[in-house]
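Below: one structure, written as structure tokens.
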Amino acid sequence: MPRKKLGRMKVRVPDEETTRKYLLWLSGRELHYEPEILPKIRSDSLFGNDRPLELEVGCGSGEFLCSLAREHPEVNFVGIDRHRKSLYKAIEEASGKALENILFIGADFRFVYPLLSDESLQAIHLRFPDPGAKARERRKRLFSKRFVDEAHRALVPGGRLVLITDDEDYFEQALATVEEDGRWKKESGQGRPADSEGNARSRFERMWEQRGRQAFWLELTKSSTVG
Ligand SMILES: C[S@@+](CC[C@H](N)C(=O)[O-])C[C@H]1O[C@@H](n2cnc3c(N)ncnc32)[C@H](O)[C@@H]1O
């Protein structure tokens, strides 16, 4: 089934109060010209506490992150996506579950790097990122050398960067990107990482599983020693 069709969903615009509670929309202009006045992606600035923080990039409709947030009230979660309708769906899910430890940010993640603080995240999740069909899109994939470097900077020692994709070419490209990178413990395989996120599934993950489609995963753990 084409991705576009999978991506279609009916969405209700959430009320103002719910939107204020769960969504921070950052325009490209603000991110480009005034990143210093925007809140850092850290537990203290976004949640007013010092709980560990996990980030999902391209969170879509937020099912995966809302599941994690419900299972782990002792952890904060931030989901970033540039698609407003998907985030409305994510907000609906979060408010329906009355979650207090989750926030969604509307932005293109490639412009969000200045908001990441050093050693502030315990995990970064990238699930079923858009592979892009054209060569130009392939070159603009989220999982890039810059992405890996920024993730390394933002993760605490022992923190994890987890990629799951149904696209074998994306997976191979990701493996090649980190092949020579000695700063991580690297594990990879087919399916999903054993037990790493319990029963939490993203929307695409659930749909691909139902159709019996194979997925590939790569888990990078930031070394505790300088490498
Ligand atoms: C194929 S969907 C997967 C959504 C979700 N992770 C899942 O597994 O169900 C990819 C998502 O990444 C988002 N996305 C793509 N490029 C992005 C970027 N540069 N910054 C933020 N979000 C992005 C899209 O809007 C879309 O919601």
Side-chain angles (χ1 to χ4, degrees), residues 40-43 46 50-60 64-65 67-69 71-72 74-81 105 107-132 137-198 200-202 204-205 208 214-227:
K40 292 280 189 191
I41 298 177
R42 294 186 349 200
S43 271
L46 297 179
D50 62 356
R51 290 185 199 138
L53 181 62
E54 301 203 3
L55 175 69
E56 185 182 9
V57 180
C59 62
F64 169 72
L65 214 58
S67 274
L68 283 190
E71 279 170 36
H72 298 283
E74 76 288 1
V75 176
N76 293 324
F77 296 89
V78 168
I80 296 189
D81 205 288
I105 296 181
D108 185 324
F109 186 67
R110 291 167 303 170
F111 304 125
V112 169
Y113 295 136
L115 305 188
L116 298 177
S117 294
D118 294 356
E119 302 196 353
S120 55
L121 302 173
Q122 84 170 10
I124 300 174
H125 307 275
L126 181 59
R127 298 178 100 82
F128 297 82
D130 293 325
E137 294 166 338
R138 196 174 175 271
R139 282 196 299 275
K140 286 187 174 173
R141 284 175 174 170
L142 271 171
F143 195 102
S144 61
K145 172 85 173 61
R146 171 91 194 265
F147 179 91
V148 173
D149 286 345
E150 297 284 355
H152 189 271
R153 177 176 70 77
L155 284 166
V156 297
R160 297 175 302 128
L161 169 57
V162 186
L163 164 72
I164 304 191
T165 175
D166 57 299
D167 189 277
E168 195 163 3
D169 179 65
Y170 201 115
F171 175 63
E172 297 294 342
Q173 193 186 33
L175 285 180
T177 304
V178 296
E179 193 178 9
E180 313 260 299
D181 193 336
R183 299 171 296 178
W184 309 91
K185 180 180 144 218
K186 301 169 207 162
E187 291 172 280
S188 59
Q190 287 196 15
R192 67 200 307 271
D195 272 349
S196 73
E197 297 350 298
R201 297 276 191 287
S202 73
F204 271 69
E205 187 169 5
W208 288 138
Q214 189 55 268
F216 306 88
W217 60 272
L218 169 63
E219 182 164 315
L220 304 175
T221 305
K222 178 171 169 174
S223 304
S224 302
T225 51
V226 179

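- Separating the OG1 atom in T177 from the CG atom in L163 is a distance of 10.0 Å, to the nearest 0.5 Å.
- The side-chain heavy atoms of E54 and H72, taken from C-beta on, include no pair separated by under 4.5 Å.
- Here the side chains of F128 and D166 are in contact, with some heavy-atom distance below 4.5 Å.
- Here the straight-line distance linking atom CG of L126 with atom CG of L161 works out to 7.5 Å at 0.5 Å rounding.
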CA sep, side-chain torsions, deciding dist, call: K145, D149, salt bridge (Lys or Arg N to Asp or Glu O under 4.0 Å):
CA-CA 6 Å; K145 172 85 173 61; D149 286 345; 2.9 Å; yes
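- You'll find the side chain of F143 reaches within 4.5 Å of the side chain of V178, heavy atoms only.
- The distance from atom CG of D81 to atom CG of L65, rounded to the nearest 0.5 Å, is 11.5 Å.
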Give the C-alpha distance, both sets of side-chain angles, the deciding distance and a yes or no for side chain to side chain contact (heavy atoms under 4.5 Å, CB included) between R110 and R146.
CA-CA 9 Å; R110 291 167 303 170; R146 171 91 194 265; over 6 Å; no
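- Between L218 and A174, the shortest heavy-atom contact is CD2-CB, 4.1 Å.
- In this structure the side chain of V162 reaches within 4.5 angstrom of the side chain of E219, judged on heavy atoms.
- None of E172, Q173, R141 except one satisfies the side chain to side chain contact (heavy atoms under 4.5 Å, CB included) rule with D167; the exception is R141.
- Put simply, CG on L121 and CD1 on I41 are 7.5 Å apart, with the number rounded to the nearest 0.5 Å.
- Side-chain atoms of W184 and H152, non-hydrogen and from C-beta on, do get closer than 4.5 Å to each other.
- In this structure, the ring of F216 has its center less than 6.0 angstrom from the ring center of F171.
- Between L68 and H125 the shortest side-chain heavy-atom distance falls below 4.5 Å.
- The two residues V156 and S120 make their nearest non-hydrogen contact at CG1-N, 4.3 Å.
- Rounding to the nearest 0.5 Å gives a distance of 7.0 Å between CZ of F64 and CD1 of I164.
- The backbone N or O of G132 lies less than 3.5 Å from no partner atom in the side chain of D130, so there is not a single donor-acceptor pair.
- From D118, atom CG reaches atom CG of L155 across 11.0 Å, with rounding to the nearest 0.5 Å.
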Worked check of salt bridge (Lys or Arg N to Asp or Glu O under 4.0 Å) between E150 and R153
CA-CA 5 Å; E150 297 284 355; R153 177 176 70 77; 2.8 Å; yes
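- D50 CG: 12 or fewer foreign heavy atoms inside a 6.0 Å radius.
- At distances below 3.5 Å, not a single donor-acceptor pair connects side-chain atoms of K222 with backbone N or O atoms of G159.
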L116 and L55: CA distance, side-chain angles, deciding distance, side chain to side chain contact (heavy atoms under 4.5 Å, CB included) verdict:
CA-CA 10 Å; L116 298 177; L55 175 69; 4.2 Å; yes
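- Taking the charged nitrogens against the carboxylate oxygens, E197 and R160 do have a contact shorter than 4.0 Å, which makes a salt bridge.
- Counting all heavy atoms, side chain and backbone alike, R42 lies closest to S117 at CD-OG, 2.8 Å.
- When atom types are taken as modelled, the side chain of K186 and the backbone of L175 share no donor-acceptor pair closer than 3.5 angstrom.
- S43 and P52 get closest at one heavy-atom pair: OG-O, 4.0 Å.
- In this structure, F77 and E56 have side chains that are not in contact, with every pair of non-hydrogen atoms separated by 4.5 Å or more.
- Taking 4.5 Å as the limit, every side-chain heavy atom of P131 sits out of range of all side-chain heavy atoms of R138.
- For the pair A200 and R127, the tightest heavy-atom approach, listed with the atom from each and the gap, is O-NH2, 4.3 Å.
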Could you walk me through whether V57 and L142 pass the side chain to side chain contact (heavy atoms under 4.5 Å, CB included) test, one step at a time?
CA-CA 9 Å; V57 180; L142 271 171; 3.9 Å; yes
